[in-house]
Novice: 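I have a structure here, written as structure tokens, and I will follow up with some questions on it.
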Amino acid sequence: MSSIIISIIVGLICVLPDYDYKIYNWANKQYEIIKKSKILKYLLYPYYLFILFLLKLFKHRGFTHSIFPIIIFFLLGFFIMKIFYLFSLAFLLHIIEDSLTVSGITPLYPLSNYKFVIRNLNNRKNRKLQEYLSYITYIIFFAIILL
């Protein structure tokens, strides 16, 4: 596979960790509907438990912004298909970039709620510097892929 195609694939995969927000919002709407009625909660108890699981796992910048998906995709790449290495790399790049933002990341979620933020860049004065570092990260990544 050509390195340009690989770069495009990784670039597209990089947005996947942020779908946790959409999943969380959908699950929260379902939870609010079920919560209104105790009878509905008991009738749909397995579904209710599934919704609670989604709410816990897909909290924004939670599991998908931790090191665990990177490890899982790396192991899948090692044992099953090499394409999962691209997922691992994409998630890693996304997490590095999000650690430069004001919100930071929780690298060990759900085991720990410790928040990792690069503080020197974590203010409004350094917004431009954050953008430049993001661009530099992607340029380095593409240079590595193209070599």
Novice: Is there side-chain contact between Ile51 and Trp26, with heavy atoms separated by less than 4.5 Å?
Specialist: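 Yes, at least one pair of side-chain atoms sits under 4.5 Å.
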Novice: Applying the side-chain contact (heavy atoms from CB on, under 4.5 Å) test to Cys14, which of Ile9, Leu89, Leu93, Ile95 qualifies?
Specialist: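 Checked Ile9, Leu89, Leu93, Ile95 against Cys14; only one passes side-chain contact (heavy atoms from CB on, under 4.5 Å): Leu93.
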Novice: Counting C-beta onward and ignoring hydrogens, is there a side-chain heavy-atom pair between Lys41 and Tyr31 closer than 4.5 Å?
Specialist: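 A side-chain contact under 4.5 Å is absent here.
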Novice: Mind checking whether His60 and Asp18 have side chains closer than 4.5 Å, heavy atoms only?
Specialist: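 In short, these two side chains touch, coming nearer than 4.5 Å.
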Novice: Would you please classify the geometry between the Tyr45 ring and the Tyr42 ring as parallel, tilted or perpendicular, with 30° and 60° separating the classes?
Specialist: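 Parallel: the ring planes of Tyr42 and Tyr45 meet at under 30°.
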Novice: Provide the closest heavy-atom pair for Leu108 versus Ile67 in the form atom of the first, atom of the second, distance.
Specialist: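 Scanning both residues completely, I find the closest heavy atoms to be CD2-CD1, 3.8 Å.
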Novice: Is there side-chain contact between Thr106 and Tyr114, with heavy atoms separated by less than 4.5 Å?
Specialist: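 No, side chains not in contact.
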Novice: Within the structure provided, determine whether Lys35 and Leu40 are in side-chain contact (heavy-atom separation under 4.5 Å).
Specialist: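 They are not in side-chain contact.
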Novice: Do Phe87 and Leu76 have side chains that get closer than 4.5 Å, going by heavy atoms?
Specialist: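 Answer no - side chains too far apart.
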Novice: Is there a side-chain contact between Lys59 and Asn113 in this structure, where contact means two heavy atoms from C-beta onward sitting under 4.5 Å apart?
Specialist: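 Side chain of Lys59 against side chain of Asn113, heavy atoms only: contact under 4.5 Å found.
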Novice: Would you call the rings of Phe74 and Phe78 parallel, tilted or perpendicular, where under 30° means parallel and over 60° means perpendicular?
Specialist: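 The arrangement is parallel - the two ring planes meet at less than 30°.
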Novice: Would you say the side chain of Asn28 lies within less than 4.5 Å of the side chain of Glu32, judging by non-hydrogen atoms?
Specialist: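 A side-chain contact under 4.5 Å exists here.
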Novice: Where the side chain of Ser88 meets the backbone of Tyr85, is there a donor-acceptor pair that is under 3.5 Å apart?
Specialist: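 Judged by distance alone, no pair lies under 3.5 Å.
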